[in-house]
Amino acid sequence: MTDYLFDGLTAPQREAVAHIDGPLLVLAGPGSGKTRVVTHRIANMLRNGVYSSQIVALTFTNKAAEEMRSRVERLNPDSTVWVSTFHRFCARLLRAYSNLVGLEPNYTIYDTSDSIQILKRSLQKEEISTSHATPEKIAKAISWAKNNMILPERYEANSANAISSIVRDVYPEYQRQLRAANAVDFDDMLMLVAQMLQENPELRAALDERFRYILVDEYQDTNLVQYLLVRSLSQQYPNLGVTGDPDQSIYGWRGANLNNILGFEKDFEHVKVVRLEQNFRSTPNILTVADHLIEHNKRRKKKSLFTERPAGQPVRLLTYTNSHEESHAIATRIATQVAQGKRRPRDFAIFYRVNALSRSYEEALRQQGIPYMIVSGVEFYQRKEIKDVLAYAMLINNPRDDVAFTRVVNTPTRGIGKSTILKLQVHALDHGISMMDAAREAGMIDSLNKRAAVAVAKFVALFDRISLKINEPVEDILGAVLTETGYRAQYENSDDEEDVSRLENIDELLSSAREFDYQHPEDGTLERYLEDKALVNETDQFDTELDRVTMMTLHAAKGLEFPWVFMVAIEEGLLPHERSKDSDAQLEEERRLMFVGITRAQEELELSTANQRDFRGRRMMTVPSKFLFELPREEMDFQAALGRYTPPTQDWEDVHEIPEDDFDQTCESGDFSEDVPSVPDSLPSKMLMTAADMVKGPGSARPKLNPDKFHQSMAVLHPTYGLGKIVSMSGEGAKRTATVQFVTGEQKKFVLAFSELRPASTS
DNA sequence: CGTGTGCAAGTTTTT
DNA sequence: CTTGCACACG
């Protein structure tokens, strides 16, 4: 007998699909068919009598939610299973129970930049000096607190940390201003719902009953608030099914807590654990490389990945003399493959650690005439013209929204300048009213001169006129904004290329509004539309259908797969990133990042480094990443692209012994550790110097002895002999020498002050 | 009040 | 090399 829900599945997959009641932990390695298991499991639950209205599946991204929803619907056409992102799920609950946390149902969702505006205002109001902290850093610290469920009144400053005392002072005011504007930031959405559930046991119990079956995707990326949320909804009905992979946790810096998944079995009784270890994506070569690398992490659950796929090409590690050569070689390689008809542009992806690296690959691809797309963080909805138009809509929906008010009151310019806005703001704060209400009283504000008061009054009249349309289709509302305010007119008669593109973007916004109206004939309220816009991200629209080479950061690559992957610039300071090296927890996260990158590749994987890299307008010598020394040499093909670098042929593991460390400490400290006033950041240049530089000092201007940079059994790199390891050292100061055993078999002695020896990795 | 120029700083960023 | 922001000027 065949059963479409179970056929073609492996034994562990079936086990997970068959599980209905009780907590379930699915440890799903990369490419192990996780989404398939989850969707089939939902189908099996429905088949066994669970009502679809009792199931909610939570994801992090819209893309993941969309993918899961469509696959669930394909299996169960009539299902009404709620598949949603955490934030959207909370947005709805917040809408329904807004009064419990001091909000109106038409509350506004502020994005990061809006939140920072409110924060700046709060800092001003509290007269806090920010000389040693940027608003962004303070915002990060507040976000950290919220993700850890620390309410303003319970926040405690850490004396060793300057930022934390600022946070202690400003966080309550920031929160007051958000509430005054009837607004929330992204973190509030989760925190307020968690708080609501904590403070209202009967509501918690009711929702626990309503959402009897909860599924969470990418559980390794959950933070404390999300953990509390799903836990509190799984008390009477502990049917919580989570999937995730500790080895793919790469959002620790955003508050994700690896303990959630590592401790799941302790949090619930009778947890069913299923390990999906068979990989259906990559060749054994690729998998072995990934496996060897991740073995170096201590904080993980051991998995043994395997595949039945046939062996493919060995994974290659290429070392180029400089970054230009690297990008050029990659572009040429792609061009050749495409020209020979072996591959199409969309088969290739280039992954890098930081966005700033994309340019050189972009240029090289353009030179070769290869179509490419960059999946980047610059979002459509962050563009000025889009934010302006949406701010009008937000203000119509929620007139208390002071950020929107400030944004549009003089856009396009109508004679309401900085000082007028400031006076309105002061008046609003003094009287505990919104800026819009202050504007309505403009005539009575003494500090405003007649001309300003008239201009403000005219704006209020304009606003009221447009507001009448609040219940019309969204496209009409936006259309009215564009014409009545003169916003469109200001760009219309311009030859400026930028203005033309702005108009195009505005048209795109209008057509998205039209689409929304069409999709929501019943519930197409402005409120709903704005919620939609607040919670989407441009990369959600990332189109895999286009026949283009994909370029993105390693973070963006998670969840994707490509036949041929290039991972570039695998160098100390970039991967692992310079700022991730103070703790082992961070270092392990960097390693996971590399693991994620490697496991995206289906057939071909090419890792590369360049001895010299042009970055931020500077040319620097580089050091290959320590991670490269953790890969299985015998399985790989090491090619020094132009003969400068030879592969390691001996065991390097002892070279990079990682000291035992207290992970919990570093793991939980969040963003605070890096905010401690630190020594001047001289590491990058030091790290990138040759031995001669180090002993003499940069530019030889100020002789500086630094023999300590080298030590016994350290991995070093020499331009002619390649990679080696220091077997012994002798002498002092400028005469200090090192005996190096090279992987070529040669042994050489160097006077450090004159040698071109440099560290091959920092340990 | 709007625009231009100088200067400092620059990981990653699901919502 | 970019990019964002603060400040000065017209």
Rounded to whole angstrom units, what separation is found between the [atom1] atom of [X] and the [atom2] atom of [N]?
X	N	atom1	atom2	result
Glu66(A)	dT15(B)	CD	C1'	16 Å
Glu136(A)	dT13(B)	CD	P	16 Å
Lys384(A)	dT3(B)	NZ	C1'	13 Å
Met191(A)	dT15(B)	CE	C1'	15 Å
Trp144(A)	dT12(B)	CH2	P	23 Å
Gln117(A)	dG4(C)	CD	C1'	13 Å
Asp187(A)	dT15(B)	CG	P	14 Å
Lys63(A)	dT13(B)	NZ	C1'	14 Å

Next item on the list: Output yes when Asp245(A) and Lys34(A) qualify as a salt bridge under the 4.0 Å nitrogen-oxygen rule, no when they do not.
Entry: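 No, this pair does not count.
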
Checklist line | Min side-chain heavy-atom separation Ile261(A)-Val242(A) under 4.5 Å | finding: no

Looking across every strand, which nucleic acid part, if any, lies under 4.0 Å from [X] by heavy atom: base, sugar-phosphate, or nothing?
X	value
Lys558(A)	nothing
Gly559(A)	nothing
Arg359(A)	sugar-phosphate
Asp614(A)	nothing
Leu357(A)	nothing
Tyr251(A)	base
Thr59(A)	nothing

Does a side-chain N or O from [X] land closer than 4.0 Å to OP1 or OP2 of [N], or not?
X	N	answer
Asn410(A)	dC1(B)	no
Asn355(A)	dT12(B)	yes
Arg616(A)	dT11(B)	yes
Asn223(A)	dT14(B)	no
Thr413(A)	dG2(B)	yes
Thr553(A)	dT13(B)	yes

Check: Would His555(A) pass as stacked on dT12(B), i.e. its ring centre under 5.5 Å from the base's six-membered ring centre and planes under 30° apart?
Finding: no

Notebook entry, point to check: Trp253(A) on top of dT12(B)'s base, within under 5.5 Å and under 30°?
Noted result: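 Stack criterion met.
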
So which nucleotide from [options] ends up closest to the side chain of [X]?
X	options	answer
Asp221(A)	dT13(B), dT14(B), dT15(B)	dT14(B)
Ser419(A)	dT15(B), dG10(B), dC1(B)	dC1(B)
Phe60(A)	dT14(B), dT11(B), dT13(B)	dT14(B)
Val354(A)	dT14(B), dT12(B), dT15(B)	dT12(B)
Thr61(A)	dT2(C), dT15(B), dT12(B)	dT15(B)

Notebook entry, point to check: Taking the nucleotide of DNA chain B with the closest heavy atom to each, which residue, Lys418(A) or Ala556(A), is nearer the 5' end?
Noted result: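 With Lys418(A) and Ala556(A) compared, the 5'-side residue is Lys418(A).
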
Note to self: Please compare Glu590(A) and His87(A) by the position of their nearest nucleotide in DNA chain B and report the one closer to 5'.
What the structure shows: Glu590(A)

Next item on the list: Check if the side chain of Arg254(A) and the base of dT11(B) share a donor-acceptor pair of N or O atoms closer than 3.5 Å.
Entry: no

Checklist line | Check: Phe351(A) ring centroid to Phe566(A) ring centroid under 6.0 Å | finding: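 Between Phe351(A) and Phe566(A), the centre distance exceeds or equals 6.0 Å.
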
Notebook entry, point to check: Is the distance between the ring centroids of His555(A) and Tyr251(A) under 6.0 Å?
Noted result: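 Yes: the rings meet the under 6.0 Å criterion.
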
Checklist line | Arg92(A) atom CZ, neighbour heavy-atom count above 12 within 6.0 Å | finding: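 Buried by this count: over 12 neighbours within 6.0 Å.
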
Margin query: Between Thr413(A) and Gly415(A) (side chain of the first, backbone of the second, donor and acceptor by atom type, cut-off under 3.5 Å), is there such a pair?
Written below: no

Check: Does NZ or CZ of Arg95(A) come closer than 6.0 Å to the centre of the six-membered ring of Tyr107(A), within 45° of the ring's axis?
Finding: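 Arg95(A) over Tyr107(A) ring: yes.
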
Check: If you measure from the P atom in dG4(C) to the same atom in dT13(B), how many Å do you get, rounded?
Finding: 16 Å

